[in-house]
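Here's the structure we're looking at; comments come further down.
First the proteins, then the strands, lettered A, B, ... as listed; each starts at 1. The basis for the numbers below is simple: all heavy atoms, side chains too, and nothing from hydrogens, waters or symmetry mates.
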Amino acid sequence: MANVIDVLKERGFIEQTTHDRELRECLDQGSVTCYIGFDPTAASLHIGSLVPIMSLAHMQRQGHRPIALIGGGTGMVGDPSGKSEMRQLLTLEALGKNAEGIKKQLSHFLDFKDGKALMLNNADWLTELKYIPFLRDIGRHFSINRMIKAESYKIRLDSEEGLTFIEFNYMVLQAYDFLELFQNYDCQIQMGGSDQWGNIVAGVELIRRVQQGAAFGITFPLITTSGGEKMGKTAKGAVWLDAAKTSPYDYYQYWINTDDRDVARFLALFTFLPMDEIRQIKQLSGANLNTAKAILAFEATRLAHGNQAAVEAHQAAASMFGARQVPADILPASTLPRGNFGADDASVPTSSLDVQTLKAGIPAFKLFHQVGLANSGGAARRLIEQGGAYINGTRVESFDYQVSDTDLDDTQTILLRSGKKRFHKIEIKK
RNA sequence: GGUGGGGUUCCCGAGUGGUCAAAGGGAACAGACUGUAAAUCUGUCGGCGAAGCCUUCGGAGGUUCGAAUCCUCCCCCCACCA
């Protein structure tokens, strides 16, 4: 079996590692346990966490044992790494609730059956710590002189806001986590974003000092889009993995709007499609490249939301934007339906209107505002005045056009569209 | 605790009595061009069924015909000193 380092490296997951050679040897010798920490700052993970999640999944596929560590304890402290301001501290209850949601999502990507992957919460040991013994046993291994030179503190040390003592402790706690996992779960590798390098190295060194043990660190590059944006950030906020916060339809749409330049890179990072197929798509251009995006969107949606939801999102897209055949020779390993399938718009955002209201007629701008395609009546007026509003595919000519039951199409729905990409379906409530 | 500097519309940031719904930039949205991409050009970008009205410049009061701009008190942030 290939060394997982090669797999990860080939797919673009690795920024740097500690002890390169030893690490490889360690992984060649059999199943190794590795961990990544997840901050329970929200009840859902978002696309920004996908790189860590996928890397754990790759670990598992290569026969290693991943641990997802929920930062229930460290979440009460707040990691200052690379952050320009102090994070809001969360209560214990909020953190517990968030951990629940995260657990659910991770299980889509990792198999937790039979201890093949573990989910732990560092609150279990961190909240039990006694201050003085901790300082004496752990704190003594940390040099302030070194810590203040760490990149992770640099921004804050140089900033106007400064660094508080509680945040300064974060690195020590994270290092302690690693030691704890090393001692109790035989965990030898910690992975994380490149901003975690300092924290990870601190853990590696602590283990070497306290236990004379072999521990390693791997960091991921910060993935940005070619447009220079962070992954998963849109004007409306983060793209969540929770279907209740970001619908599978919107999730699919996020991926299909990927920049041309990012398609191959993202296929490697965010799908499990074989690399030799992914390399092929670098040759593609124009409309064919666009179909590769459909596959990226489909595969990514399938991983996060399951096959059914992915098929629906794909069909809805076909129904809204026009069905396009995906040639069989593009990324053949993908299970995306390539033949003719009924265009089905089931997963398009929908709301309902009762018959009376519709019969009476409702001004177009009000309707667009109501369903959320415009943020205010004024915005809706502007949208229409600028020719960006459509009903059933026809441009709305005046903002006070009365929408009524005569606008129902043969499926008894009205399809509203704002600009090129935003759709909303109206159904009739009888 | 002392001294000084700040808090402006989604973000950055101008504005120091009327010409301010508030310059400029970014983001965002729409149009054209396209491939649900990028780039570019154009337009829009507080709310309200137009004119006009209403709400906004950390908070509360006050001066004034008129305040983001002046005064008072309060809250918050930052720097230096302690």
Fill in: G-U wobble or Watson-Crick pairing nucleotide for B/U9 (cut-off 3.5 Å, both distances)
none
Worksheet item: So what's B/A67 paired with, Watson-Crick or G-U wobble, going by both distances under 3.5 Å?
Response: none
Item to complete: Establish, yes or no, whether a centroid distance under 6.0 Å links the rings of A/Phe399 and A/Phe368.
Response: no
Discussion item. Would you say the ring centers of A/Tyr251 and A/Trp240 fall short of 6.0 Å from each other?
Written reply: no
Worksheet item: Counting just side-chain N and O atoms, does A/Tyr390 come under 4.0 Å of either OP1 or OP2 of B/G31?
Response: yes
Item to complete: Have a look at A/Trp197 and tell me which of A/Asp195, A/Ile200, A/Val201 forms a side chain to side chain contact (heavy atoms under 4.5 Å, CB included) with it.
Response: A/Val201
Worksheet entry | A/Phe423/A/Tyr390 aromatic ring centres below 6.0 Å | no
Item to complete: Could you tell me whether A/Phe365 contacts a base, only the sugar-phosphate backbone, or nothing, with contacts defined as non-hydrogen atoms closer than 4.0 Å?
Response: sugar-phosphate
Item to complete: Classify the nucleic acid contact of A/Ser226 as base, sugar-phosphate or nothing, counting any heavy atom under 4.0 Å across all strands shown.
Response: nothing
Item to complete: List the protein contact pattern of nucleotides 33-43 of chain B with one symbol per nucleotide (5' to 3'): B for base contact, S for sugar-phosphate-only contact, - for none; contact means a heavy-atom distance under 4.0 Å.
Response: BBBBBS----B
Fill in: Nearest-angstrom distance from the residue atom CZ of A/Arg422 to P of B/A28
13 Å
Worksheet, complete the sentence: In whole angstroms, the gap separating P of B/G49 from CG of A/Leu367 amounts to 15 Å
Item to complete: On RNA chain B, check which nucleotide each of A/His369 and A/Arg395 is closest to and give me the residue with the more 5' one.
Response: A/Arg395
Worksheet item: The side chain of A/Ser376 lies closest to which of these nucleotides: B/C48, B/G49, B/A32?
Response: B/C48
Worksheet item: Taking CG from A/Leu373 and C1' from B/C29, how many angstroms apart are they, rounded to a whole number?
Response: 12 Å
Worksheet item: In the structure shown, which nucleotide is the Watson-Crick or G-U wobble counterpart of B/G35, with both distances under 3.5 Å?
Response: none
Worksheet entry | Partner nucleotide, any strand, of B/U16 [Watson-Crick/G-U, under 3.5 Å] | none
Practice prompt. Using distance alone, with no hydrogens and no angle criterion, decide if A/Thr74 and A/Gln174 have a side-chain donor and acceptor under 3.5 Å apart.
Written response: no
Discussion item. When both hydrogen-bonding distances must be under 3.5 Å and the geometry is Watson-Crick or G-U wobble, what is B/G4 paired with, if anything?
Written reply: B/C78
Worksheet item: According to a strict under-4.0 Å criterion, is A/Arg381 in side-chain N/O contact with OP1 or OP2 of B/G47?
Response: no
Worksheet item: Roughly how far, to the nearest 0.5 Å, is the CG atom of A/Leu358 from the CD1 atom of A/Ile428?
Response: 4.5 Å
Worksheet item: So which nucleotide does B/A30 pair with, by the Watson-Crick or G-U wobble rule with both distances under 3.5 Å?
Response: B/U42
Practice prompt. Check each of A/Thr258, A/Asp259, A/Asp262 against A/Ser226 using the side-chain hydrogen bond (donor to acceptor under 3.5 Å, both in side chains) test, and report the only one that passes.
Written response: A/Asp262
